[in-house]
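Structure first, commentary second.
Atom set for the values below is all heavy atoms of this structure, side chains included, hydrogens, waters and symmetry mates excluded. Note that the structure is predicted; figures quoted are calculated from it, not measured.
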Amino acid sequence: MHIPSYLMKSGGFMSRYIFKRLIISLLTVWILVTAVFLLIRVLPGDPFTSEKMTPEIKANMMKYYGFDRPLYEQYGKYIMNLLKGDLGNSLKYHNMRVNDIIAQTFPYSADLGIRALLFALIAGLCLGINAALKMGKFWDYFCITLAIIGVSVPDFILGSLLQYVFALQLKWFPVARWLGFKYTILPVFGLSLYTVALITRLIRVSMLDVINQDYITTAEAKGLSTFQIIWRHQIRNAILPIVTVMGPITAAVLTGTFVIEMIFAVPGMGKFYVQGIHDLDYSLILGMTVFYGVFLVAANFIVDIIYGFVDPRIRITGK
Amino acid sequence: MSRLIEINDLEVGFKTYGGEVQAVRGVSFYIEQGECIAVVGESGCGKSVTAKALLKLIPEPPGKIKSGSILFEGNDIIAYSKKQMQQIRGAEVSMIFQDPMTSLNPTMLIERQIGEVIAKHQKASRKQVYDRVIEIMKLVGIPNPEKRIKQYPHEFSGGMRQRVMIAIAMACNPKLLIADEPTTALDVTIQAQILELMKGLQEKFSTSIMLITHDLGVVASMAQRVLVFYAGKIVESSDVNEVFNNPKHPYTVGLLKSMPTLGIANKEMLATIDGTPPDLFKSPVGCSFMPRCEKAMRICKMAEPPMLDINETHQAACWLNHEKAPRYN
């Protein structure tokens, strides 16, 4: 029987899957921009309220930045600029474009975030796998206890505690600032402990689930060693659920940076973001939110695609 | 023929919260080289546990091989270390399982899943392993092996997956193949194909097969000898012809009666064995089948029947076969 060749191609599913994800991601960003744009206007006050400000100057300022125009016009203009990649000027830091502020501070935040994420992944996987392999023994309880502490202690308490114990009392690490490797240890640890705990618990449960699967018995019946079974058959399958939560985890780590950056005086975006909200610096808040939003949506998008590669079943069904 | 594997008085228990379950209570049998024995019995009678015990695949804890010996080619493997068992599994004795949908690793290429057992037990280069995988896939009747080798289990149908399982099991030419209900999860037409394949492989490589099944039709077409399990014990052991034509244990008789036959009248009920098997938290006194047995005698309640010889190849554990028992026809 003759079968036309286009029917025999296996491709197409994956590209359709990626395309679908892309559309959803763009929509998410658009909704985010619109929501934040409207929400900051609802906040009481305006960016120029201060004791020295006279009504005339204020009116001038409003006019200068275009805040006297109707809201839909402002929104239209903002979106047009956004499409060109222009986030506008900061209202408080005069003569500074939001783009420049982000360009200056983001590398520090990213540095901290990536270190924390890597540390969380490695430490979480090690602890969780270890706990699962030693189920019901000392190591298991140790890791679980650690995980519960990690989830329940908020980062501002953890950060101060780390500073007090390891910097002030023991003097192992500097208290704050970001000047070299030694300076990174405490902030990275403070930022990642929650995620370490989360990953530990997830991977432990997932490992225990996989060990009861039939294909592990098959692997045993093949005569593979315990190490080979764990490494080739158990871990790969146990990691799948971790890949799914990597998007939200990235979000947690990145937003966690605000507090940790403040505590450890890291010159990242956190300080500007928090200060921007204090000052009602519309364009700075909006710009940073959009930047973070795009960043997180992109992270989720990448995770989705990676998941397709790690789990071959997703690739074909393309749902 | 020589005995490939001989099991003597095997006992396996499982510790649970409710107490210890005696899953296998003193089972003895042997498998000769190149023969196929069938193990039949209802769910929970200890068939699968016995099979797993032969490879020491009983998870410990909660399970434990409590006593007995398993002589594989004359060596007692109960005493074997983990390392020594790994040398045997997959190479000398291999196993296929009931559900091919869950028995293959979903995230590993078929090539690797078949190849890793070869790489483990034979000194072979990558190329040799690849060639061997292709060869074995052809042997078990997977069409287009050069393409299929690069696929994942979810791209295979149930029957094809069971062929992959057989390929994994046969990859190192084992002396004994344990098949734990290999066709139960497959539909009937595929069942026939898989059985045909196993039979062909057995003849070609003179592999011994221990076939666990519920299906007496499968028994008739595959096996030379049959072991009937009930409540963790062997209650009848015999030639396949004898089992069907001259069953000597009421349980075996009941099993045969409960088989549907062609031409069964429209409203006629299928025969069943009333009751349920005993729970094995404590070993029953007397014959474990007594409460369900139509022909139970006084002695059945008091003493457990030993395996009584009917003839050289046929034994049954039922007092009815004792010389002083009344005769039924």
How many angstroms lie between CD1 in Ile239(A) and OG1 in Thr107(B), if you round to the nearest 0.5 Å?
10.0 Å

Among [options], which has the most heavy-atom pairs under 4.5 Å with chain A?
{"options": "Gln151(B), Lys120(B), His121(B)", "answer": "Lys120(B)"}
{"options": "Met101(B), Glu116(B), Gln98(B), Met85(B)", "answer": "Glu116(B)"}
{"options": "Ile178(B), Leu104(B), Leu55(B)", "answer": "Leu104(B)"}
{"options": "Ser94(B), Gly90(B), Ser103(B)", "answer": "Ser103(B)"}

Among residues 208-228 of chain A, those lying within the under-4.5 Å heavy-atom range of chain B are Asp214(A), Tyr215(A), Thr217(A), Thr218(A), Glu220(A), Ala221(A), Lys222(A), Gly223(A), Leu224(A), Ser225(A), Thr226(A), Gln228(A)

Mark yes when over 12 heavy atoms from residues, nucleotides or ligands other than [X] sit less than 6.0 Å from its [atom1]; otherwise mark no.
{"X": "Lys66(B)", "atom1": "NZ", "result": "yes"}
{"X": "Phe189(A)", "atom1": "CZ", "result": "no"}
{"X": "Phe106(A)", "atom1": "CZ", "result": "yes"}
{"X": "Phe205(B)", "atom1": "CZ", "result": "yes"}

Measure distances from [X] to the heavy atoms of chain A and classify the residue's part below 4.5 Å as side chain, backbone, both or neither.
{"X": "Met165(B)", "answer": "side chain"}
{"X": "Ile168(B)", "answer": "side chain"}
{"X": "Lys83(B)", "answer": "neither"}
{"X": "Lys52(B)", "answer": "side chain"}

side-chain hydrogen bond (donor to acceptor under 3.5 Å, both in side chains): which pairs involve residues 129-138 of chain B, sequence neighbours left out?
Lys127(B)-Asp131(B), Arg132(B)-Glu135(B)

With no hydrogens and no angle check, do the side chains of Gln113(B) and His233(A) hold a donor and an acceptor under 3.5 Å apart?
no

